[in-house]
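Below is one structure, written out as structure tokens, with a few remarks after it.
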Amino acid sequence: MLEGPKAIRRALRLVGQRLAAQGAEIGIIIIGGAALNLRGIVDRATVDVDIVALATPDLDPSELGSAVPLPAALLESARQVAGELRLAPDWLNSAPADLLRLGLPPGFVEGLEWEEFGGLRVGIPDRIGLIPLKLYAAAHANWAGPDRHARDLRALHPTREELVAANAWVRTQDASDEMNTLVQRVIKEMERDQRRDP
């Protein structure tokens, strides 16, 4: 378990040190709870760091690459760090990599902020880039009671206009009626929260 932004940065720094010792430089773009922690939007534990894409050495955001498969040097460095810090073997993973193939949200790339950890460079999306992803994740969670994705979405304080724009992106990922119903449920809940806390 990575207990907040300090623990996440420590784990990434250890990976970066191992990469640097090999003369390797790798750029990754992360999303999810780790990204929200590093942006200072939340301060909570997370079990993993989700990589959505790889970046070129010069960090040209227009040239993102698939994170499947992850580079062997990165996987091995992450495996070593998992042993050292007692993390899950897949604490650094590319589970959301399909999002790149289907298309990232508008403004996502432009809002990336980069942090350097030795041989590891990490791109972190801004609030505008994270809102659509968290809306999608919250809807996928089926809004079955308290859920970390819903809490994360609340922490982003999306406006009605931002939720409408986010929903347009979600429809590019899953245009089914069922998903639309779930998204509308999430949006209504967000709006109720905003009315309670003006």
Side-chain angles (χ1 to χ4, degrees), residues 8 12 26-39 41-42 46-71 74-75 90 92-115 120-143 147-191:
I8 295 167
L12 293 173
I26 295 174
I28 62 174
I29 297 170
I30 66 170
I31 59 174
L36 271 78
N37 270 284
L38 295 185
R39 275 287 189 168
I41 295 166
V42 300
T46 184
V47 297
D48 59 9
V49 175
D50 294 317
I51 301 171
V52 71
L54 299 177
T56 57
D58 62 356
L59 303 183
D60 182 344
S62 66
E63 296 182 17
L64 304 184
S66 175
V68 178
L70 288 172
L74 179 61
L75 286 171
D90 62 347
L92 189 65
N93 66 80
S94 58
D98 271 356
L99 293 174
L100 178 65
R101 180 176 56 81
L102 297 172
L104 295 171
F108 180 93
V109 170
E110 293 78 4
L112 290 171
E113 178 181 283
W114 295 91
E115 290 195 29
L120 182 66
R121 295 177 176 182
V122 180
I124 310 160
D126 65 4
R127 180 180 159 279
I128 295 300
L130 289 166
I131 288 172
L133 298 170
K134 278 299 173 181
L135 177 61
Y136 187 39
H140 257 293
N142 205 21
W143 204 252
D147 171 76
R148 72 181 188 283
H149 298 302
R151 290 193 298 271
D152 287 347
L153 184 58
R154 286 188 186 97
L156 289 162
H157 301 290
T159 65
R160 169 70 183 174
E161 293 74 21
E162 288 168 341
L163 288 170
V164 168
N167 185 29
W169 175 78
V170 170
R171 299 287 289 169
T172 70
Q173 308 299 302
D174 185 341
S176 69
D177 291 340
E178 179 184 11
M179 175 56 73
N180 187 52
T181 298
L182 294 171
V183 168
Q184 294 308 317
R185 192 182 302 169
V186 173
I187 290 174
K188 285 178 183 174
E189 185 67 22
M190 291 295 124
E191 290 175 336

Where [X] and [Y] come nearest, the two heavy atoms and their spacing:
X      : Y      : result
Ala166 : Pro132 : CB-CA, 3.6 Å
Leu75  : Leu70  : CD1-O, 3.6 Å
Ala150 : Met190 : O-CE, 3.8 Å
Val52  : Leu100 : O-CB, 3.8 Å
Leu38  : Glu115 : O-OE2, 4.1 Å
Gly123 : Pro125 : O-CD, 4.0 Å

Under the side chain to side chain contact (heavy atoms under 4.5 Å, CB included) rule, what do Ile29 and Ile51 come out as? Steps first, then yes or no, please. CA-CA 6 Å; Ile29 297 170; Ile51 301 171; 5.9 Å; no
Determine whether a donor-acceptor pair (N or O, by modelled atom type, separation under 3.5 Å) exists between the side chain of [X] and the backbone of [Y].
X      : Y      : value
Asn37  : Gly33  : yes
Arg127 : Arg39  : no
Asp174 : Ser176 : yes
Gln173 : Gly103 : yes

Do Val183 and Leu163 pass the side chain to side chain contact (heavy atoms under 4.5 Å, CB included) test, and can you show the C-alpha distance, the side-chain angles, and the key distance before you say yes or no? CA-CA 10 Å; Val183 168; Leu163 288 170; over 6 Å; no
Does the side chain of [X] reach to within under 4.5 Å of the side chain of [Y], using non-hydrogen atoms?
X      : Y      : answer
Thr46  : Leu36  : no
Ile124 : Leu112 : no
Asp48  : Asp90  : no
Asn93  : Asp50  : yes
Leu99  : Phe108 : no

If the condition is ring pair (Phe, Tyr, Trp, His ring centres under 6.0 Å), which residues does Tyr136 pass it with, not counting sequence neighbours?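 Only His140, Trp169 meet the ring pair (Phe, Tyr, Trp, His ring centres under 6.0 Å) criterion with Tyr136.
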Could you measure the distance from the [atom1] atom of [X] to the [atom2] atom of [Y]? Nearest 0.5 Å is fine.
X      : Y      : atom1 : atom2 : answer
Arg154 : Leu156 : CZ    : CG    : 12.0 Å
His157 : Ile131 : NE2   : CD1   : 10.0 Å
Ile187 : Arg160 : CD1   : CZ    : 6.0 Å
Leu135 : Glu162 : CG    : CD    : 11.5 Å

Side chain to side chain contact (heavy atoms under 4.5 Å, CB included) between Met179 and Arg171: does it pass, once the steps are laid out? CA-CA 8 Å; Met179 175 56 73; Arg171 299 287 289 169; 5.7 Å; no
Start with the C-alpha distance between Ile31 and Lys134, add both sets of side-chain angles, then the distance that settles side chain to side chain contact (heavy atoms under 4.5 Å, CB included), and finish with yes or no. CA-CA 9 Å; Ile31 59 174; Lys134 278 299 173 181; over 6 Å; no
